[in-house]
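Take a look at the structure below.
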Amino acid sequence: MGIDSVPVGTITRIEAIEDASARRELTRLGFEEGADVEVVSRIPFGPIVLQRRHRQVAIGRELARRVRVAMQ
Amino acid sequence: MSRCHTAPAATSAPNPGTAVAPPEREELVVLVGNPNVGKSAIFSALSGRYAEISNFPGTTVEALTGQWNGRPLIDAPGTYGLGDHNEEERITSNLIGRSSVIINVVDAAHLDRDLFLTTQLAESRVPMVVALNLMDEARESGSAPDAEALERALGVPVVPTVAVTGEGVPELAAAVQEARPGTFSLNGADDLARRRAADELYARAVPQEGKRRRIAEWLGRASVTLHWGIPMIVLALTGVYYLVGVAVAQHLVDFTETRLGQEMWEPFARSVIDGIGIGGPIREILVGEFGLFTMTVTYVVFLLAPLVAAFYFALALLEDSGFLPRIATLVDRLLGAIGLNGRAVIPIILGFGCVTMGTITTRLLSTRREKTIATALLNFAIPCSAQLAVIAALLAGFGGGWVFAYAAIILAMLVMVGTVLDRMIPGVSTPLLIELPPLRWPRPRAVLKKTFTKGYWFMREATPWFAAGALIVSGLQVTGGLDLWQRAIRPVMVSWLHLPAESARAIIMGLVRRDYGAAGLYDMGLSAPQALVALIVITLFVPCVASIMVMAKEHGARTAVRIWIGTWIVAFAVGGVLAQILHLVGAV
């Protein structure tokens, strides 16, 4: 499923990023495939905020759908 | 501070007088690092002067050049990696190919991210040193990286620095002499393997049991939720509005523009020109209504300079606190409806201060499509602070209902223009993907320096444009073109907009600056409905000369001309329809 449906406060592992450009950028930022990340915030109909160690990244809802995580 | 712009530090350029020649390969030193790690601070500490261009984090696509020990020093655009992913990466890769030494600036407090680029640089075979910057922050959080461990792993000198205080800068300068190519090698690994190697290196070099900074952590999380984030935004923007929109745009500028500019400087300039005995059209061009020494100087020195300084101050605070990307995150969904993503909120916020400034800031949007939409919104429907002040003064006398009507119409226009452009321009909006830097207190020195430097460079760029605009308008005035124009649009004003004939003059003034046009409506004795129509027209009317010039420079003359013509149509169409409706109900 997409990381957009992961509840806030959950730590989850990114399985695949189905967007080449976003994959490249997220890998540079340290949110690569295989990384364990925490979902910090889900703005209603808006972006998802992810956190790893002490760093955060916000990704738009549509893009978050293409960031795949394992079923819980 | 005083050394910032005065003179290049003691240098011995290889060929004095041909400063534009590309630096020799044996000479060039290039600063490379992620955005926002203090590269510019290192640059100015080494070269003794500030960068030559405004530099919003992650948006510089032009490299900054200076001199250090007689060698050319270039501050490359901030980038997270090398390759051809975007323009920053391409420019940086190209610079590295031409350089003799790389100074890789990394954020000691966020080393995991930065090491991706560092490992790429260590494979470039170009001699390098690493500046482990922001060391004070890393120490504070109890996770200062082990410089020696990094040195061993990378095979290059690693120097801890705090660029803003100058700590470690002499050691860094000395280490550049010892620069050597990195011994690190992944043998052509892909991004994912490199990421994992960087993480491994991070785990070896950085102690993992850092102190938890509870307040900072809570703020970092709360600020990206709706129930905490929205009040924070309101609070921050109210603060910015009072500083820039009220304290400076109204009170300070009122003093500098009216008292110093119009009452002291302009009469003085006129008396000098009259004293020399210059008359006729030349006098008009020099010290007339749109004169080079009167209007241009008043606008540039007494109106623009204080406003610009205030905007850059507020901008530096928002930027350095790490708040802007969080606002962008919170409003991403709203802007999605008009073909933009959250990032676009940054130029729009700045546009309410000064549309010209907002237009420049559209640089930080990633596609041409988004830049065009944001630029159009700014120049169609965002009134700048100076204009807002006049509008508020005019409408407030008629009661809150008229103010509300004005705001509702302008907001509707904003949404409409955005929606139409989103449909018209081919392509789709790009998804938001933005790093959220940690929230922190801005450092006063850094904020002031940023304000001063960016303000200076803005003024230096804008002033010639202003002078050119003034020359054109006073040329028209001297040849009678201005008068002709005014007579030509008179019928439109009277039968279509139901305004007094003299208001055509305000439209002419609005051609130079919209707030000027609004001011021209001031003592015309308009009724409330007439004032509403006139203010709607002048708000939607053509952007000020400086804005058009900036638009042409940033987005090309074609876009600028289209937007300029479009504003004529939209302003008179919307104003006319409004006037006709008000006429039907018997208000005008």
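Quick note: numbers below take in every heavy atom, side chains included, and nothing from hydrogens, waters or symmetry partners. Here is how names work: the chains are called A, B, and so on, in the same order as the sequence lines, proteins then strands, and each is numbered from 1.
- Heavy atoms closer than 4.5 Å to chain A are found in the backbone of L82(B), but not in its side chain.
- Contact annotation for E62(A): neither backbone nor side-chain heavy atoms come within less than 4.5 Å of a heavy atom of chain B.
- Using a 4.5 Å cut-off between heavy atoms, L117(B) makes no contact with chain A at all.
- In terms of the side-chain contact (heavy atoms from CB on, under 4.5 Å) criterion, residue partners of D84(B) (sequence neighbours excluded) are, by chain and number, R90(B).
- No other option in A216(B), P325(B), G220(B) has as many heavy-atom pairs under 4.5 Å with chain A as G220(B).
- When heavy atoms are compared at a cutoff of 4.5 Å, R23(A) does not approach chain B at all.
- A donor-acceptor pair is defined here as one N or O able to donate and one able to accept, closer than 3.5 Å; such a pair exists between the side chain of H54(A) and the backbone of A109(B).
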**Request:** Verify side-chain contact (heavy atoms from CB on, under 4.5 Å) between L432(B) and L63(A), making sure each step is shown before the conclusion.
**Result:** CA-CA 8 Å; L432(B) 180 75; L63(A) 186 55; over 6 Å; no
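- Interface remark: of the candidates I43(A), L50(A), V8(A), I43(A) forms the most heavy-atom pairs closer than 4.5 Å to chain B.
- Heavy-atom neighbours of R68(A) CZ from other residues, nucleotides or ligands within 6.0 Å: above the threshold of 12.
- When all heavy atoms of L29(A) and R195(B) are compared, the closest pair comes out as C-NH1, 4.1 Å.
- Using a 4.5 Å cut-off between heavy atoms, F116(B) touches chain A through its side chain atoms alone.
- Ranking D190(B), D112(B), N34(B) against chain A, the residue ahead of the rest is D112(B), based on heavy-atom pairs under 4.5 Å.
- Separating the CZ atom in R28(A) from the CD atom in E435(B) is a distance of 13.5 Å, to the nearest 0.5 Å.
- Using a 4.5 Å cut-off between heavy atoms, R24(A) contacts chain B through both its backbone and its side chain.
- Note on D199(B), V331(B), N341(B): by heavy-atom pairs under 4.5 Å with chain A, the leading option is D199(B).
- Using modelled atom types and a 3.5 Å distance limit, the side chains of Q56(A) and R326(B) yield a donor-acceptor pair.
- Heavy-atom pairs under 4.5 Å with chain B peak, among E25(A), E33(A), R53(A), at R53(A).
- Contact count versus chain B (heavy atoms, under 4.5 Å) is highest, among P44(A), A58(A), S21(A), for A58(A).
- At most 12 heavy atoms of other shown residues, nucleotides or ligands fall within 6.0 angstrom of atom CZ in R333(B).
- Minimum interatomic distance between L433(B) and L26(A) (heavy atoms only, all atoms of both residues): CD2-CD2, 3.9 Å.
- Of the charged side-chain nitrogens involved, none lies within less than 4.0 Å of a carboxylate oxygen, so that D107(B) and R55(A) do not count as a salt-bridged pair.
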